[in-house]
Structures are given as C-alpha cells and as structure tokens.
Amino acid sequence: MRWALANAGQIWSLAVNHVVIAVPPIILSLLLSVPLGWWAHRHPAVRRVLLAGSGFLYALPSLPLFVILPVLLGTRILDPVNVVVALTLYGIALMVRTAAEAFDAVDGTVRESAVAVGHSPTQRFWRVDLPLAGPPLLAGLRVVSASTLSLVSVGALIGVQSLGYFFTDGYTRSFVTEIAVGIIGTVLLAVVFDVLLVLGGRVLLPWVRATDTRTGASG
C-alpha cells in the first residue's frame, strides 16, 4: 500500500496511457464489425470466409503480431499505433461472429412487417435490424472491452507504456506488490469500462429495459 501511494503519480499516468491505447480499438472494432457482420448475415459465402478468417486471426499470438506490424505498417517498433492496430484486429475477430449472429436473431416477421409498411433496405437496417440486434452487439462489445484492456498489457513487453509495465518491472525485480498493482489496476479499468458500456446501453437501447420490465411484471 505504501509503495502504491508513493508511486500514485506513475500509476495514474500509466493508467491513462492504458485507457488511451484501449479506447480506439474498442470503438473501431464495433464500427468495422457491424457492417462486416451484416454482410456475413446477408451472404452465406462471405460468412464462411469472414468467420474462418476471424477465427484464424484470433488464434495468432499477440506478441509476434506486435513485432510484425511495424514491418507491415512502416511504423517504429515502440509506436502505440502498432498496438492499436493489433488490438483492433483482435476485436474484429471477436466481434464479427457476434454481429452476424445478432442480425441472424432478428425476427423475420418483424423484417417482413417493416417491408410491408414501405421501409427501404436502408431504413430497415437502421430502424429494425440494428436496434433489435443492439443487445447482443452490446454483449459482444463488453467481451471485446475486457479482452482489449487485458491485451494492452502485453504491449509492455515491447516497451509500450501501460499498466503492463508493472508486470514486467515487478517480475524483473521479483517485487510482488508492483505486479499486484498492475493486475488490480487492469481489473479496475475493465470493471469501469464494463459499467460504462452497460450504462451506455441503457441510454441507447431504452426499449430493452422496457421489455425486461414488462417481462418481469408478467412473470
């Protein structure tokens, strides 16, 4: 505890870096996976390719990917962009399947009703498919958030500053307190992100809460 208080400034600084690196991949994963999932939902051949590719991508070890990306992107080895791109790829790999299954789960009769009242394909997507797919998409995003925050720590192995620094430095010094600070800090960030996503879901998907309330009342 004394060590944590004495190094509060460094802990805060690395926690901020951790958040700065984690947020872009989480947002990009959602923005890129929704259209890909929609595409996979509409075209079985595309679905097979995308889901097989995402499974292969997620199986790639993160550390070699962090080392290979600078060669492919033309960035420096310690550039945080490498970590952001790698984590975005992992996020997409996790999220595409969820997005495709979320659109699969939308009731076909609701879609037919939307077409019957004159909705164009674009209107049907924004007014019917995306809102009804919202809850499973949110659930998938929560998984991506926890995974991304955990993987950001791996970037410390190639020198990218985050709470993962406490793992590597504490391990080198055999200093358990420092390692514990890194673990607890990462878990706390994951909890905070998850709470924010749940609260954001309640704001953006109010009809889900209303449905749950009615279901609870009837039960």
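Basis for what follows: all heavy atoms, side chains included, without hydrogens, waters or symmetry-related copies.
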If every non-hydrogen atom of [X] is compared with every non-hydrogen atom of [Y], which pair is closest and at what distance?
X	Y	answer
Leu197	Ser145	CD1-CB, 3.7 Å
Ile11	Ala4	CD1-O, 3.6 Å
Pro25	Thr88	CA-OG1, 3.3 Å
Pro70	Asn82	CG-ND2, 3.4 Å
Ser162	Ala156	OG-CB, 4.5 Å

Report the C-alpha distance between Leu87 and Val83 in whole Å, list the side-chain angles of each, state the deciding distance to 0.1 Å, and finish with yes or no for side-chain contact (heavy atoms from CB on, under 4.5 Å). CA-CA 6 Å; Leu87 297 185; Val83 179; 3.7 Å; yes

Within the structure provided, determine whether [X] and [Y] are in side-chain contact (heavy-atom separation under 4.5 Å).
X	Y	answer
Glu178	Tyr165	yes
Pro44	Arg48	yes
Leu137	Met95	yes
Val181	Gln10	no

Strictly distance-based, threshold 3.5 Å: is any side-chain N or O of [X] a donor or acceptor partner for the main-chain N or O of [Y]?
X	Y	value
Ser150	Ala146	no
Ser33	Ser29	yes
His119	Ala114	yes

Let me confirm one number: the [atom1]-[atom2] distance from [X] to [Y], rounded to the nearest 0.5 Å.
X	Y	atom1	atom2	value
Leu151	Thr186	CG	OG1	11.0 Å
Leu89	Leu94	CG	CG	11.5 Å
Leu149	Leu188	CG	CG	11.5 Å
Ile68	Leu73	CD1	CG	11.0 Å
Leu14	Ile21	CG	CD1	9.5 Å
His18	Trp12	NE2	CH2	13.5 Å

Taking it one step at a time, do Trp38 and Leu130 satisfy side-chain contact (heavy atoms from CB on, under 4.5 Å)? CA-CA 9 Å; Trp38 170 251; Leu130 186 58; over 6 Å; no

Go through the steps for Arg42 and Asp129 under the test salt bridge (charged side-chain N to carboxylate O under 4.0 Å, His left out), then give the verdict. CA-CA 12 Å; Arg42 300 272 293 179; Asp129 289 325; over 6 Å; no

Got a sec: does the [atom1] of [X] have more than 12 other heavy atoms crowding it under 6.0 Å?
X	atom1	result
Trp3	CH2	yes
Phe175	CZ	yes
Trp39	CH2	no

I'd like to know whether Phe167 forms a side-chain contact (heavy atoms from CB on, under 4.5 Å) with Ser153, so could you lay out the CA-CA distance, the side-chain angles of the two residues, the decisive distance to 0.1 Å, and finally the verdict. CA-CA 8 Å; Phe167 301 148; Ser153 300; 3.6 Å; yes

Please tell me whether [X] and [Y] are part of a single hydrophobic cluster in this structure, the criterion being side-chain heavy atoms less than 4.5 Å apart.
X	Y	value
Val34	Leu28	no
Val84	Val20	no
Ile92	Val154	no
Val85	Leu57	yes
Leu138	Leu31	yes

For Ile26 and Phe193, run side-chain contact (heavy atoms from CB on, under 4.5 Å): C-alpha distance rounded to whole Å, both residues' side-chain angles, the deciding distance at 0.1 Å, then the answer. CA-CA 10 Å; Ile26 294 172; Phe193 270 53; 3.8 Å; yes

Tell me whether the rings of Phe103 and Phe125 are parallel (<30°), tilted (30 to 60°) or perpendicular (>60°).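 Ring orientation of Phe103 relative to Phe125: tilted.
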
